[in-house]
Student: 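Dropping the structure in here first, questions after.
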Amino acid sequence: MQITLHLKGPLKKYGDNIEPLTIELEHTQVKLREIIEQLEIPASSISFIQINGEKSDPDTVLTGGEVVVVNPRVAGG
Amino acid sequence: MMAYTGKVLRIDLTTGKASTEPLNKEWAKEYLGGKGLSIKYLYEELKPGVDPLSADNKLILMTGPMTGTIVPNSGKLAIAAKSPATGTILDCSIGGHFANELKYAGYDAVIIEGKAKAPVYLFIDDDIVEMRSAADLWGKGAHETEHLIADALGDVITLAIGQAGENLLPMACISSELYRQAGRGGIGAVMGSKNLKAVAVWGSGGIEIPNIRKVSAALNKIKREDTMTDDNMWAYSDGTPMIVDLSQSTGILPTRNFQEGTFDQYKNINSDAVKGTLKAKKACYACPLACSNYVKKGKTEVEGPEYETLALCGSNCGIGDLEAVIEFNRLCDDYCLDTISAGNVVAFAMELTEKGIHDFGIRFGDVDNFLKMPGLISTREGTGADLAEGVRAIAKKYGGNDFAMQVKGLEIPGYEPRGSWSMGLAYGTADRGACHMRAWPAAVEAFGDIDPFTSEGKAELVIGMQDDNAVKFSAIFCDFWALSTERMAEILSMLLDREVTAAELTKIGERVYNLARLFNEREGFERKDDYLPERIYSDKLTTGATEGKLLPREEYDKMLAEYYQLRGWDENGIITDMKKKELNL
């Protein structure tokens, strides 16, 4: 089972600048947070996460086939 | 006064005389510079009720204490006047290199008053200040104007207006280095009303900094550890076009005159699309973030388009053609039209046409007529004659007031308040009308962890951001650097060679925001002026993450009442005597 992971903006460096990343899930019931930690993305650098286009929680359990977008913090506007 | 030049240049266009005077040190301590200090000068020097387009209005160019130094992201200039669009206080922020040159020429600020008998431009070359004829420049766009002035004067940095400013449009902006704008509230019309086509500057001086080696080392460390970090480097990697995807996914991307919060063609105008046209990155003075994208698509080149342009002139007009948005952007920059207001005006005309209320001959997605609009509006020709006056005036003449997307006469920026309730409060209480730069709570609400659909805690959130930004824009740090008040205090302490505390800065931010409110209060603004267009309270959105959402009026009222209470204002939004005393207003 795989997921597609888009790391946006400066977060791309945590995936060796590959966009998008394809991640093989090691087992079922993997939380997105575990993948974020494996990639060593600081939680403080993330504004919000989308799973299949919906704003989602990092504790969401992934089952495979999801498209995940991790967005950086932005300032100003 | 370390870091300040201590000198203000005052130019009377009526008499053609220039003079210098000391910077008011007491005010500089209480208001720092930039936004705060320019508002203080205007509050003290303008008579209440002054016509913004008369010779009695004043135009202030204000630097900050760090301008011209190597402090990261300190390169902007504040330009302030009473607004022709709203009648409120108006301060704008423009990037590029004008501010540092002005400081090197020896001035913290320029106060321009009166009105020239015929079109002129100013040339500030250190101590030499000349008023030159602009007869050959009048009627030209800002781009050609800048080129011609550079041909005449050589290495100068110029602020210029285009036809929109000459024709006194309430959405006319001031341009610099072709693609930088002081954009909102008709600041360009104030220049036009004074027959002032441009201001060119060149400076050969420097700025006195204490312990320069130590300060340089400390600033370089700060730049590495606190500026060029994940929190800020989005500006370099993508720039503001990144926000298109964020707004789309959270349902706050204004679409077809704020009828929807998502756009089916958003991928045509998002960051990936803009990156496909990227030729170079550009930066303001002393900025390591280089947020500007210099792009080329088809025959058109422009620095931009920024998020606000992509949203208001793209999705909000139903335009999913990036080349068209880029060309619209270039035209607006040349005529000197604010793209936020211009996009809103065109979108409003499209909806009025489609609803059969008045036929402006343009509908959503109509690229051909869309591209004619900047020229028609700026020169007040054809349908442009009506559109030039802005959304509020169009609604007054033809109807559609419930979906005239403006607050206090200033058109709404690119964040849908029904999907970000705190943005609604930020628009309602911004000092210059609907503005996203006074507070941008969408970043932590729609794009963060805070529930966007509750009024709980929003007043405190917005006040905190408004005061933070007020001090940031007074010290003049670019808002794209997400730095803490403590960091600001650390930097200012080094530059000013005295201890500046975070608490002192927080108080300055509050003072500045209250002074802006006091200016508006003096002009007759109160609670009734702090409301949003009816559409936000009554029409539910129908797509995406904000499907079925609106911002109920009673919830808005609740936020507003709490906001006034926390501000120390009365229930009508009037600053209490106690608060004035506390802030020394």
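In this text the structure is predicted, and so the values were computed from the model without any measurement. Heavy-atom basis, side chains included; hydrogens, waters and symmetry copies ignored. Letters A, B, ... mirror the listed sequences (proteins, then strands); counts begin at 1.
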Student: With a 4.5 Å cut-off on side-chain heavy atoms, are B:Thr250 and A:Phe48 touching?
Tutor: yes

Student: Chain A heavy atoms under 4.5 Å from B:Asp231: which part of the residue, side chain, backbone, both or neither?
Tutor: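 B:Asp231 touches chain A through backbone and side-chain heavy atoms alike.
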
Student: If I take atom OG from residue A:Ser45 and atom CH2 from residue B:Trp234, how far apart are they, to the nearest 0.5 angstrom?
Tutor: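 Between atom OG of A:Ser45 and atom CH2 of B:Trp234 there are 14.5 Å.
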
Student: NZ of A:Lys55 to CG of B:Asp449: how many Å apart, nearest 0.5 Å?
Tutor: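 One finds 7.0 Å between NZ of A:Lys55 and CG of B:Asp449.
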
Student: Using heavy-atom distances under 4.5 Å, tell me whether B:Ala439 contacts chain A through its side chain, its backbone, both, or neither.
Tutor: neither

Student: In terms of heavy-atom pairs under 4.5 Å with chain A, which of B:Asp238, B:Leu246, B:Asn232 leads?
Tutor: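 Between B:Asp238, B:Leu246, B:Asn232, the count favours B:Leu246.
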
Student: Is it the backbone or the side chain of B:Met242 that comes under 4.5 Å from a heavy atom of chain A, or both, or neither?
Tutor: side chain

Student: Would the number of heavy atoms belonging to other residues, nucleotides or ligands and lying under 6.0 Å from OH of B:Tyr236 be above 12?
Tutor: no

Student: Measuring only between side-chain heavy atoms, which start at C-beta, is A:Pro42 closer than 4.5 Å to B:Asp230?
Tutor: yes

Student: Please flag which part of B:Asp468 lies under 4.5 Å from any non-hydrogen atom of chain A: side chain, backbone, both or neither.
Tutor: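 For B:Asp468, there is no contact with chain A at all, as no heavy atom is under 4.5 Å.
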
Student: Can you run down the side-chain hydrogen bond (donor to acceptor under 3.5 Å, both in side chains) pairs that involve residues 29-44 of chain A, sequence neighbours left out, and say none if there aren't any?
Tutor: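 Of all non-adjacent pairs touching residues 29-44 of chain A, those that pass side-chain hydrogen bond (donor to acceptor under 3.5 Å, both in side chains) are A:Arg33-A:Asp59.
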
Student: How about residues 6-22 of chain A versus chain B: which residues have heavy atoms under 4.5 Å apart?
Tutor: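 If one takes a 4.5 Å heavy-atom cut-off, the residues of residues 6-22 of chain A near chain B are A:Lys8, A:Gly9, A:Pro10, A:Leu11, A:Lys12, A:Lys13, A:Tyr14.
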
Student: If you count heavy atoms of other groups shown closer than 6.0 angstrom to CD of A:Glu54, is the number above 12?
Tutor: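 Check fails, neighbour count at 12 or below.
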
Student: If you count heavy-atom pairs under 4.5 Å with chain A, which of B:Ala482, B:Gly448, B:Ala545 comes out on top?
Tutor: B:Gly448

Student: How close do B:Phe480 and A:Ala75 get, heavy atom to heavy atom, and via which atoms?
Tutor: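 Between these two residues, the closest heavy atoms are CD2-O, 3.5 Å.
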
Student: Looking only at heavy atoms and a cut-off of under 4.5 Å, which of B:Ser249, B:Gly251, B:Ala443 has the most pairs with chain A?
Tutor: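 The option with the most such pairs is B:Ser249.
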
Student: For B:Glu225, I'd like to know if atom CD has over 12 heavy atoms of other residues, nucleotides or ligands within 6.0 Å.
Tutor: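 Yes, because the 6.0 Å sphere around CD of B:Glu225 holds more than 12 heavy atoms from other groups.
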
